[in-house]
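See structure below.
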Amino acid sequence: MKWQQVQDSPDAAYVVVLDPGEEAVAALTGFARDAKDYRRTAVDEQCEVLSLLGDVAVGEEGPTSHPHAVPALINLPHGAAPGSDS
């Protein structure tokens, strides 16, 4: 796997290229764990959900959800990120 950061900002973007035959989920999971660039964002206002993807896994403690959501927030100034002071 090769990767390169293409945007250096709080919303960093990466290009990830897997090697032929490399298992995609395992490689991307490892990349995410190594990057440790997780950011939780609380949304405390009404919004429209543009996309909601994820899965539910059953572990020793029961079902656990792992969602990824894209909300449409209308009360932010142009270019401001949720949770920022802008």
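Since the structure is predicted, the reported quantities are computational estimates derived from the model, not experimental observations.
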| Would V56 and L52 show up in the same hydrophobic cluster when neighbours are defined by side-chain heavy atoms closer than 4.5 Å? | no
Side chain to side chain contact (heavy atoms under 4.5 Å, CB included) partners for [X], two or more places apart:
{"X": "A24", "result": "L18"}
{"X": "L50", "result": "E48, V70, A72"}
{"X": "D19", "result": "K2, E22"}

| request: Report yes if the side chains of V16 and M1 come closer than 4.5 Å at any heavy-atom pair, otherwise no. | output: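 In short, these two side chains touch, coming nearer than 4.5 Å.
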